[in-house]
Amino acid sequence: MSDDPASAPEPWELMQENIEMISGGIPWGRRMAFRFTRIEKGHAWGLQPWKERLVGDPDTGVIHGGVLTAFLDNLSGTAASSALSKPRFVATLDLRIDYMRPAEKGRDIIGEAECYHTTRNICFTRAWAYHESRDKVIATAAGAFAINKPRPAESIARMG
Amino acid sequence: MEEEDMKLTRADEVRAFIARTPLAQEMGLRCEVMGDEMTMIMPFQDKLIGNFMIKAIHGGAIGAFLELTSQAQVFLVTEHLARPPRPINLTIDYLRQGHAKDLYARAEITKMGRRMCSVRAEAWQDEREKPVTTLMAHFMVAGD
């Protein structure tokens, strides 16, 4: 790889290229049937399908809030690492979730996350989960992620 | 309601909530109720991993575990609730990595109001004094 930073692909470009591998590389994400749909610099989009095994209230069939937590955590972490110009893993420091309305039984949930600020050590993110549009949001999240020490470049494809 | 006909105690109802909630079953949760205290246990399973390179439990799975623990604890001590309470919001602090071993959690109600309550919960592995993750949450407890 060239030392010239201008010619090297940005981490988010490699993440977008390897988006299916990133989605499949998280065992708990796979169990939740969650997947990333698009990655840009500082942004990530994903889909969380409704699954019987993820239901939190057997009387209504609504997915448990904890699934949304994992979903928005995954998206936020990916938005955070995609915002960086060097390949780095990030670790969730904290995550705040606000539940606006219950998700509907049987419907896919769409999520998006953005990293709106980074410092040398920390990425700040916000994220939304909804069925149709952000105007009718199911849950929102605000997160802070610690940027980990450098890792070998070849591990970038396994980032997530 | 059939629960009342069978004269279940609230501890039985909490156990039944865990037993019939698909996500709790998917995560393999067990609860031990001792009077008004309860410990939730999440035995380690490979599917709970979030990062296979370091074999760490997924932060989202730990968050869901703490949310279920808090929900169950509020349900356990709030007699007028007909069903487990709905969360309003929550904040999760990830303090240490969750290793590939069993995780335990307890929740404590910091304030019980008429409509809402505040809860703190923590999850630990080897030492209670070294929590892996803590949670602060608000739940609706108005009778429905």
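In the text below, chain A, chain B and the rest are named by the order of the sequence lines, each starting its count at 1. Reckoned from all heavy atoms, side chains included, excluding hydrogens, waters and symmetry mates.
- B/Pro22 and A/Val55 make their closest contact through CD-O, 3.4 Å (heavy atoms, listed as atom of the first residue, atom of the second, distance).
- Follow the hydrophobic side-chain contacts under 4.5 Å out from B/Ile88 and you never reach B/Phe139; the two are in separate clusters.
- Within the 4.5 angstrom heavy-atom criterion, only side-chain atoms of B/Gln71, from C-beta onward, approach chain A.
- One distance of note links CD1 of A/Ile97 with CD of B/Glu67; it measures 8.5 Å at 0.5 Å rounding.
- A distance of 3.5 Å separates CG of B/Leu68 from NE2 of A/His64, quoted to the nearest 0.5 Å.
- Salt bridge A/Asp59/B/Arg20: present, at least one basic N to carboxylate O contact under 4.0 Å.
- When every heavy atom of B/Leu23 is checked against every heavy atom of A/Trp28, the shortest pair comes out as CD1-CZ2, 4.4 Å.
- Around atom CZ of B/Arg120, no more than 12 heavy atoms belonging to other residues, nucleotides or ligands sit under 6.0 Å away.
- Note: the hydrophobic cluster containing B/Met112 also contains B/Leu76 (ILVMFWY, side chain heavy atoms under 4.5 Å, direct or indirect links).
- Here the closest heavy-atom approach between residue A/Gly66 and residue B/Ala64 is recorded as CA-CB, 3.6 Å.
- Put simply, CG on A/Asp94 and CD1 on B/Ile92 are 9.0 Å apart, with the number rounded to the nearest 0.5 Å.
- Between chain A and the options B/Gly63, B/Gly59, B/Gly50, the largest number of non-hydrogen pairs under 4.5 Å is found for B/Gly50.
- When heavy atoms are compared at a cutoff of 4.5 Å, B/Phe17 approaches chain A solely by way of its side chain, counted from C-beta outward.
- Between the CD atom in A/Glu52 and the CD atom in B/Glu26 there is a gap of 11.0 Å [rounded to 0.5 Å].
- Connection of B/Leu95 to B/Trp124 is not established within any shared hydrophobic cluster, with ILVMFWY side chains joined at heavy-atom distances below 4.5 Å, either directly or through further cluster members.
- Atom CG of A/Leu93 is separated from atom CG of B/Asp93 by 7.5 Å, given to the nearest 0.5 angstrom.
- The environment of A/Arg35 atom CZ is sparse: at most 12 non-hydrogen atoms of other residues, nucleotides or ligands sit within 6.0 angstrom.
- B/Arg128 CZ: more than 12 foreign heavy atoms inside a 6.0 Å radius.
- Within a 6.0 Å sphere centred on NZ of A/Lys41, heavy atoms belonging to other residues, nucleotides or ligands number more than 12.
- B/Val33 and B/Val74 fall within a single hydrophobic cluster, where Ile, Leu, Val, Met, Phe, Trp and Tyr are joined by side-chain heavy atoms under 4.5 Å apart, directly or via other members.
- B/Phe75 is connected to B/Val119 through a chain of hydrophobic side-chain contacts under 4.5 Å among Ile, Leu, Val, Met, Phe, Trp and Tyr, so both are in one cluster.
- A 6.0 Å sphere centred on CE of B/Met140 holds more than 12 heavy atoms belonging to other residues, nucleotides or ligands.
- Side chains of B/His58 and A/Asp73: no donor on one and acceptor on the other come within 3.5 Å.
- Residue A/Arg30 holds its CZ atom at 9.5 Å from CD1 of B/Ile49, rounded to the nearest 0.5 Å.
- Note: B/Pro87 leads B/Ala24, B/Pro84, B/Pro87, B/Ala56 in heavy-atom pairs under 4.5 Å with chain A.
- Nearest heavy atom pair, residue A/Thr92 against residue B/Tyr94, reads O-CB, 3.1 Å.
- Here the shortest heavy-atom pairing between B/Thr21 and A/Gly56 reads CG2-O, 3.4 Å.
- Among the candidates A/Thr69, A/Val67, A/Thr140, A/Asp98, the residue making the largest number of heavy-atom pairs closer than 4.5 Å to chain B is A/Asp98.
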